[in-house]
Amino acid sequence: MRKFPSYRWLPTGAVPFSHGEPEGRPVGRYLGLGVATLVLMAQPLVLPRWAWLLVVAGLAVLATVAFAYGRRPAYPTSWLVRQPERIGLVRAGDEDVTGPAPATVTWLHSAETQIWQRSWAVAVEGAAERVLDAAGLADPANITAWDEDDDEPGPLPGYVLRDRRGAVGVPGYHLPPSAEDRTGTLPFEWLGVPREELPAQRHAPTVTRVTFDDVRALARAGVAPAHRLEAAFDRYAQPTEADLVLALGLPRGWASIMDTLPPAEVRALPVAERIAVLRAEVLAQSERDLAWEREHGVAVPVTPQWTDRWLRRLDTLGPAAEQAPRLTAGAWPELSGTARTALLFAATGTDLSDRPLRPLLESLGVPTESPVERLSWGPAHRFWQVADRVSLLACWAVAISASASVAFWAQS
């Protein structure tokens, strides 16, 4: 059963999970009507006391119902939802995301839902932010220069909920939960998962972070140019065995056929042949990245300078063979668990935007079906909006009447 009063558009089973306006009550109007009632009971104006009591009581009921049915929170507010086969996170208070709808909800299948806590959640959020930054989808208001010598920007997530289709960050990781407010433990109780008690590190442990194999998979999929990926993940993503064998001295964001070969086979290749292969791959990546920049309206492309830098770097390692050897490619490295969850996290966060990331990630195994939807207002929304405005004006009228009563009393 839905708790009353609550927003009419909330799904059944919603539990308030944050500050803001989770209950859908016009507290300011209650306060105004209460003060006005005390004044009008002491000094009635025009109407007798019993009539003012009826007016105030009727306005309180109308304000309660109209506010809950015709409004949405003005401040960021969230709810957790539990239904027989799914868990949802409802978010409201951000018109840039919700649009004309009252809120959005991300649905996860209960049987598939996993909870990523503490250091794992930090790693997922850090990787997802960098993916969005490299793809040109980060919120400009939240872009900060990352410095691994300082704390990472932004609040740490409470934890991350994910299933096969999507992932979402849940705030409010209370340690320990108070007896009065146990909402911080709800998903753990619902899923039967123990909650980690050790506080999270500000910097994610290296073993939980994504690797450069994950980064280069994004370049292969055309999510972002290699130079943007290198800038976003430098000093964050972990080098792989291929990076250690090639020893290029710079973070490499572009994929190479040598990533698919056993490290011993790469080490056995003559240096000149390795360089010939790498030069050809740099030039091929350069063409793709330049096309990406033109498509996205980059006024002064960075790709030519990036290409020159890499070619000069390869030249310092030694002369290239006249002809690159023909290598038989193996399987591309699989994405790490952190990378998969981070891609779901980033895709879910952009599903309702003008430039969703999900279509670009299909080749990396991200499902095309989105778990995010906008909630509808429900029937008679216009009527309740009008009723809410009428109740607000009527509350102001009662307050003005109380003020006039005080003025009349002061002059008498």
Would you say the side chain of Asp214 lies within less than 4.5 Å of the side chain of Leu343, judging by non-hydrogen atoms?
no
Would you say Trp396 has more than 12 foreign heavy atoms packed within less than 6.0 Å of its CH2?
no
So, does Arg91 use its side chain to make a donor-acceptor pair with the main chain of Pro76 at under 3.5 Å?
no
Tell me, with the steps shown, if Glu273 and Leu327 meet side-chain contact (heavy atoms from CB on, under 4.5 Å).
CA-CA 10 Å; Glu273 293 185 1; Leu327 302 177; over 6 Å; no
Provide the closest heavy-atom pair for Ala103 versus Val90 in the form atom of the first, atom of the second, distance.
CB-CG1, 3.8 Å
Begin with the C-alpha distance, continue with both residues' side-chain angles, and end with the deciding distance and a verdict on side-chain contact (heavy atoms from CB on, under 4.5 Å) for Leu80 and Leu89.
CA-CA 5 Å; Leu80 273 176; Leu89 180 67; 4.1 Å; yes
To the nearest 0.5 Å, what is the distance between CD (Gln114) and CG (Leu108)?
10.5 Å
Give a yes or no on whether Glu112 atom CD has more than 12 heavy-atom contacts from other residues, nucleotides or ligands under 6.0 Å away.
yes
So, do Phe345 and Val131 sit near enough that their side-chain heavy atoms are less than 4.5 Å apart?
no
Would you say the side-chain atoms of Asp243 pair up with the backbone N or O of Thr240, donor to acceptor, closer than 3.5 Å?
yes
Where the side chain of Arg8 meets the backbone of Tyr69, is there a donor-acceptor pair that is under 3.5 Å apart?
no
Per the salt bridge (charged side-chain N to carboxylate O under 4.0 Å, His left out) rule, which among Arg252, Arg130, Arg309 passes with Glu230?
Arg309
Quick one: which residue pairs count as a side chain to side chain donor-acceptor pair (under 3.5 Å) with a foot in residues 281-292, not counting sequence neighbours?
Ser256-Glu281, Gln285-Arg288, Gln285-Asp289, Ser286-Thr307
According to ring pair (Phe, Tyr, Trp, His ring centres under 6.0 Å), does anything in residues 102-139 pair up with another residue at least two apart or in another chain? List the pairs.
Trp116-Trp120
If you define the side chain from C-beta out and look only at heavy atoms, does anything of Arg86 sit under 4.5 Å from Val81?
no
Tell me, with the steps shown, if Ile275 and Asp315 meet side-chain contact (heavy atoms from CB on, under 4.5 Å).
CA-CA 8 Å; Ile275 295 175; Asp315 288 342; 5.7 Å; no
Looking at Thr338 and Thr208, would you say the former's side chain and the latter's main chain have a donor-acceptor pair under 3.5 Å?
yes
Spell out, as yes or no, whether a donor-acceptor pair under 3.5 Å connects the side chain of Trp79 to the backbone of Val105.
no
Where Ala135 and Arg355 come nearest, the two heavy atoms and their spacing
O-NH2, 3.2 Å
Look at atom CD of Gln83 and say whether more than 12 heavy atoms of other residues, nucleotides or ligands are closer to it than 6.0 Å.
yes
Thr303 OG1 to Asp308 CG distance, which is reported to the nearest 0.5 Å
11.0 Å
For Asp259 and Pro333, indicate whether the former's side chain and the latter's backbone hold a donor-acceptor pair under 3.5 Å.
no
Provide the closest heavy-atom pair for Ala92 versus Pro102 in the form atom of the first, atom of the second, distance.
CB-O, 3.5 Å
Contact between Ile87 and Asp163 at the side-chain level, heavy atoms closer than 4.5 Å - yes or no?
no
Would you sort out whether Leu161 and Ile115 count as a side-chain contact (heavy atoms from CB on, under 4.5 Å), showing the intermediate values?
CA-CA 5 Å; Leu161 294 174; Ile115 298 182; 3.3 Å; yes
Could you tell me whether a side-chain N or O of Thr350 sits under 3.5 Å from a main-chain N or O of Leu357, the two making a donor and an acceptor?
yes
For Leu269, does its backbone N or O pair with a side-chain atom of Arg274 as donor and acceptor, under 3.5 Å?
yes
Just how far is it from atom CG of Leu250 to atom CG of Asp234, taken to the nearest 0.5 Å?
9.0 Å
Is there a donor-acceptor pair closer than 3.5 Å between any side-chain N or O of Glu293 and the backbone N or O of Val302?
yes
Full working for ring pair (Phe, Tyr, Trp, His ring centres under 6.0 Å) between Trp384 and Trp377
CA-CA 10 Å; Trp384 289 113; Trp377 284 100; over 10 Å; no
Can you tell me how far CZ of Arg228 sits from CG of Asp133, rounded to the nearest 0.5 angstrom?
6.5 Å
Quick check: closest heavy atoms across Gly253 and Ala219, and the distance to 0.1 Å?
O-CB, 3.2 Å
Check whether Glu125 reaches the backbone of Ala123 with its side chain - one donor and one acceptor, N or O, closer than 3.5 Å.
no
Taking all non-hydrogen atoms of both residues, which atom of Ala329 and which atom of Thr260 are closest, and how far apart?
CA-OG1, 3.6 Å
For Arg29 and Ser391, which I'm curious about, is there any donor-acceptor pair between the side chains at under 3.5 Å?
yes
Lys/Arg N to Asp/Glu carboxylate O, Arg216 vs Asp213, below 4.0 Å
yes
Contacts of type side chain to side chain contact (heavy atoms under 4.5 Å, CB included), residue Pro367, not counting sequence neighbours:
Arg164, Leu344
Can you name the nearest heavy-atom pair linking Tyr30 to Ala60, along with the distance?
CE2-O, 4.2 Å
What distance do Leu278 atom CG and Leu317 atom CG have between them, rounded to the nearest 0.5 Å?
8.5 Å
Please state whether the rings of His227 and Trp306 are parallel, tilted or perpendicular, taking 30° and 60° as the class boundaries.
tilted
Would you call Arg165 and Asp351 a salt bridge, using N to O less than 4.0 angstrom?
no
Could you tell me whether the side chain of Pro251 reaches within less than 4.5 Å of the side chain of Phe212, counting heavy atoms only?
yes
Interatomic distance, CZ@Arg358 vs CD@Glu362, rounded to 0.5 Å, equals 10.5 Å
